[in-house]
Amino acid sequence: MSYKKQNISCKIHLIISVLIVVPVAFLYAFFPDAQFELFPKTIDEHNFYKAVMGLYLGFSALWILGVFKANYLKTALITNVIFMLGLGSGRVLSMLIDGTPTSGYIFGAVAEIGLAIYGIWVLKTVKLQP
């Protein structure tokens, strides 16, 4: 398929990712106990969650660039697939080793793996600009 025909499907994938990752980044950093069973007690733990927020926001910025600038699209999709596969596979590994987490994390694993698969499909079926 040509880039122009599939332009929307490429961008939808990144937009969905940004709409999920940005709020989660702020929840992890400032309200970890609001939606998740995370209760940081030390400054190091608070620092860790703020660092995760920075990582999430950094990748989200790249994905937004991919939405608005065609020459960043392929890089944005590749990093999105790696990001989502990394998170999803880590969650699955934790489920196998540590047990079943709360429903939010189960949903997260399914959504992350789903977005990764979607990203792989986009990369395989759409001719992207170099």
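Keep in mind it's a predicted model, so treat the numbers as computed, not measured.
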Spatial distance of atom CZ (R91) from atom CG (L96) [nearest 0.5 Å]: 14.0 Å

Looking at every heavy atom in both L123 and K74, which two are closest together, and how far apart are they? CD2-CG, 4.2 Å

Distance-minimising heavy-atom pair for A29 and M53: CB-SD, 3.4 Å

Check whether L93 and Y105 end up in the same hydrophobic cluster, where Ile, Leu, Val, Met, Phe, Trp and Tyr are linked by side-chain heavy atoms less than 4.5 Å apart. no

When rounded to the nearest 0.5 angstrom, what is the spacing between CH2 in W121 and CG in L77? 11.0 Å

Side chain to side chain contact (heavy atoms under 4.5 Å, CB included) with L115: of L85, I16, L14, only one passes, and it is I16

Just wondering, do W63 and V21 contact through their side chains at under 4.5 Å, heavy atoms? yes

Walk me through it: do I106 and M95 pass the test side-chain contact (heavy atoms from CB on, under 4.5 Å)? CA-CA 9 Å; I106 294 170; M95 286 182 220; 4.3 Å; yes

What pair of heavy atoms forms the shortest contact from H13 to N80, and how long is it? CE1-OD1, 2.7 Å

Within 6.0 Å of CZ in F48, more than 12 heavy atoms from elsewhere: no

For side-chain contact (heavy atoms from CB on, under 4.5 Å), just list the numbers for V92 and I113, CA-CA rounded to whole Å, side-chain angles, deciding distance to a tenth of an Å, and then say yes or no. CA-CA 10 Å; V92 169; I113 292 169; 3.8 Å; yes

Within the 4.5 Å heavy-atom criterion, are P32 and L27 side-chain neighbours or not? no

How long is the straight-line distance from CG of L57 back to CZ of F26, given to the nearest 0.5 Å? 4.5 Å

Indicate, with yes or no, if the rings of F30 and Y49 have centres closer together than 6.0 Å. no

State plainly whether one hydrophobic cluster holds both L55 and I20, where clusters connect Ile, Leu, Val, Met, Phe, Trp and Tyr through side-chain heavy atoms under 4.5 angstrom apart. yes

From CD1 (I64) to NZ (K69), nearest 0.5 Å: 13.5 Å

More than 12 heavy atoms of other groups within 6.0 Å of L19 CG: yes

To the closest 0.5 Å, what do you measure between CD1 (I78) and CG (L62)? 10.5 Å

Side-chain heavy atoms of L87 within contact of Y56, under 4.5 Å: yes

Atom CD1 in I12, atom OH in Y118: separation rounded to 0.5 Å? 7.0 Å

Mind telling me whether F59 and F83 have parallel, tilted or perpendicular rings, with 30° and 60° as the class edges? tilted

Minimum heavy-atom separation for V81 and A116, please, with both atom names. CG2-O, 3.8 Å

Take atom CZ in F107; do more than 12 heavy atoms of anything else shown fall under 6.0 Å from it? no

When you measure from the side chain of T79 to the backbone N and O of A76, does any donor-acceptor pair fall under 3.5 Å? yes

